[in-house]
Q: 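Quick one: the structure is below, questions incoming.
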Amino acid sequence: FIALFDVTPTFLFCFCKHWIVIMQWVWENLSFKDTPFQVAHFEAPSEEREEVPEELTENLDRCEVELGACLWHETNATILRYLERPKWYGGSPGCFSGRRVLELGAGAGLCGIALALDGADSTVSDLEGLLPLLQLNVAHNGFCPSSGSACGQPGRSSNEGGSEDEQKSAGAVKGARGNKEKAKKGKRRCRKGGDDSDEDFPGNGDREAESPSATVAEPGEKKLSAKERRNAREAARKSKKEQNSGVGTSPAAQEDLANNDLAQPTAAEGEEPVATASGSCRAVAVDWLQEAKSPTLPAKHFDLIIVCDCLYENKASWASLRAVIDYSLSASAKVLLASAAQRRPFLRAFIQECKDAGLLQRLNSEEEPHDRSESPEIALLTRA
């Protein structure tokens with residue numbers, strides 16, 4: 001190039017520098033059945049997206065080289081709309097309660113997290129290199145990455161055991177995601193009388209109860225260390241748990257608490273009931289090649305397996321993916337595949353391989369839900 005156009009290396013550097021786009025970790029604001037949530041992903045800077053705080057990206061360096069760290073926006077939006085359809089157990093809020101969901105090649109974990117917020121017991125999985133990103137997003141939306149329990153719900157808390165990455169993901173995110181961020185991220189579904197509390201997020205109530213001094217130092221005050229902030233959050237959660245359980249209150253006060261209409265939210269007149277489901281979500285590392293040889297996932301366990309934008313030129317791994325699906329899919333379960341328009345031929349080729357192997361058969365037509373050639377394609381399958 002330099003010899004052909006007779007340009008200096010300095011000019012070439014300046015020319016390239018002008019066109020180089022620096023990627024960064026940003027929050028993507030999403031919604032599923034009117035419940036807002038966020039996932040971090042790797043993308044070019046934009047005024048529309050807020051940058052993920054630096055303290056939360058310390059463990060994400062190895063994720064930056066993984067294709068799954070980026071979101072395929074149109075495909076993700078399409079699959080979320082498809083999962084909101086009435087055909088899925090009625091389509092009402094909380095209809096996924098108790099459903100066991102596995103997302104393979106989850107990347108940022110968008111689908112599994114969305115269904116967990118609707119009550120599903122989700123497992124989001126991808127390669128080991130993407131596990132820190134999955135753990136961050138699972139914790140950011142109120143779940144403990146290892147146990148899968150909603151933070152503040154029964155189960156191991158994010159600071160009790162687990163790997164160092166898990167503790168950082170589930171602990172640091174609580175301090176960084178403050179009320180200011182929540183206030184400007186769309187409208188929240190309210191429990192009663194327009195109350196915009198965080199009750200629609202499993203476990204988020206504990207984060208809202210944290211003392212501001214646990215995360216932000218007042219001018220002139222000494223800034224708390226990470227350990228001190230964690231201790232303050234734990235104390236706040238313990239205090240709130242004792243209050244909710246009636247510890248230290250009289251029998252009459254406990255009865256009043258049990259009868260309080262806020263404990264059993266009701267819908268306003270003329271509105272649909274608000275779902276009170278509390279799902280779970282856990283992040284695990286699953287390499288299809290290794291999983292096919294030595295399974296770690298539970299056998300015949302999942303009611304729904306989701307594979308979103310994971311089928312492209314990686315045909316060498318398709319046989320292993322089929323083996324993982326066959327092993328972990330329950331008898332009457334469904335498989336949901338999604339692919340961007342440019343990768344549609346790969347999706348259809350994989351479906352044909354599943355059909356030829358006698359594993360899966362397609363339930364919806366190739367034209368459903370969108371027949372436009374430039375739109376992502378969704379395929380719903382069941383055991384053959």
Side-chain angles (χ1 to χ4, degrees), residues 20-28 30 37-46 49-73 75-76 102-113 116 122-148 151 156 158-159 161-177 226 230 281-294 296-297 306-314 316-317 320-321 324:
I20 288 175
V21 177
I22 305 223
M23 305 280 280
Q24 65 183 17
W25 292 104
V26 296
W27 293 119
E28 187 72 17
L30 301 151
F37 67 102
Q38 289 182 316
V39 295
H41 64 108
F42 206 48
E43 178 136 340
S46 169
R49 296 180 177 90
E50 184 178 358
E51 187 174 355
V52 178
E54 185 176 353
E55 61 266 27
L56 297 182
T57 64
E58 294 177 354
N59 299 319
L60 300 185
D61 289 348
R62 56 176 171 159
C63 302
E64 294 179 1
V65 298
E66 299 288 348
L67 185 63
C70 303
L71 285 183
W72 305 102
H73 298 283
T75 309
N76 288 313
L102 171 65
E103 186 176 4
L104 294 170
L110 183 150
C111 294
I113 291 172
S122 296
T123 300
V124 290
S125 66
D126 213 311
L127 297 171
E128 182 74 29
L130 283 166
L131 188 57
L133 177 59
L134 285 172
Q135 291 170 342
L136 170 63
N137 287 334
V138 167
H140 185 69
N141 287 282
F143 302 100
C144 297
S146 292
S147 66
C151 291
R156 189 185 70 181
S158 58
N159 292 324
S163 69
E164 183 179 354
D165 285 353
E166 291 168 351
Q167 293 184 40
K168 288 182 178 180
S169 297
V173 72
K174 294 184 176 67
R177 189 194 178 190
R230 285 197 298 271
C281 189
R282 67 187 185 111
V284 297
V286 173
D287 182 314
W288 300 345
L289 299 176
Q290 296 299 323
E291 184 69 20
K293 296 176 182 177
S294 303
T296 59
L297 295 169
I306 298 174
V307 183
C308 182
D309 260 329
C310 293
L311 301 169
Y312 42 95
E313 288 85 356
N314 57 346
S317 65
S320 297
L321 175 58
V324 173

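Below, each value reflects all heavy atoms present in this structure, side chains not excepted, and no hydrogens, waters or symmetry copies.
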Q: In Å and rounded to the nearest 0.5 Å, what is the OG to CD distance from S320 to Q290?
A: 9.0 Å
Q: Can you measure from OG1 (T57) to CG (L133) and round to the nearest 0.5 angstrom?
A: 11.0 Å
Q: Which is it for V286 and L102 under the side chain to side chain contact (heavy atoms under 4.5 Å, CB included) test, yes or no, and what are the steps along the way?
A: CA-CA 11 Å; V286 173; L102 171 65; 5.9 Å; no
Q: Would you confirm whether S122, through its side chain, and C281, through its main-chain N or O, come within 3.5 Å as a donor-acceptor pair?
A: no
Q: Quick one: pull up CD in E291 and OG1 in T296 and give me the separation to the nearest 0.5 Å.
A: 3.5 Å
Q: Testing the basics here: between A292 and V324, what is the closest heavy-atom pair and its distance to 0.1 Å?
A: N-CG2, 4.1 Å
Q: A side-chain contact here means heavy atoms from C-beta on lying under 4.5 Å apart; do W27 and N137 qualify?
A: yes
Q: What I'd like to find out is whether the side chain of C308 reaches to under 4.5 Å of the side chain of N76, using heavy atoms alone.
A: yes
Q: May I ask you to check whether W25 and E64 show a side-chain donor-acceptor distance below 3.5 Å?
A: yes
Q: Rounded to the nearest 0.5 Å, what separation is found between the NE2 atom of H41 and the CG atom of L71?
A: 4.5 Å
Q: Which pair of heavy atoms, one from D309 and one from W72, lies closest together, and at what distance?
A: OD2-CB, 3.1 Å
Q: Checking Q135 against H140: is there a side-chain donor and acceptor pair closer than 3.5 Å?
A: no
Q: Would a 4.5 Å heavy-atom cut-off, applied to side chains only, mark W288 and N314 as touching?
A: yes
Q: Could you report the tightest heavy-atom contact between C63 and G129, atom names first, then the distance?
A: SG-O, 3.1 Å
Q: Decide yes or no for Q24 and V26: does some side-chain heavy atom of the first lie under 4.5 Å from some side-chain heavy atom of the second?
A: yes
Q: For residues V138 and I113, report the shortest heavy-atom separation together with the two atoms involved.
A: N-CD1, 4.0 Å
Q: Ignoring hydrogens and geometry beyond distance, is a side-chain donor-acceptor pair present between E103 and T123 at under 3.5 Å?
A: no
Q: Looking at every non-hydrogen atom in both residues, tell me the closest pair between N141 and Q38 and how far apart they are.
A: ND2-O, 2.7 Å
Q: I would like to know whether V39 and L30 meet side chain to side chain contact (heavy atoms under 4.5 Å, CB included); could you show each step before the answer?
A: CA-CA 8 Å; V39 295; L30 301 151; 3.8 Å; yes
Q: With side chains defined as the heavy atoms from C-beta onward, is the minimum distance between V124 and R282 less than 4.5 Å?
A: no
Q: For A283 and L134, work out which heavy atoms get closest and say how close.
A: CB-CB, 3.7 Å
Q: First locate atom OG of S317, then atom CG of L311, and finally report the distance between them rounded to the nearest 0.5 Å.
A: 8.0 Å
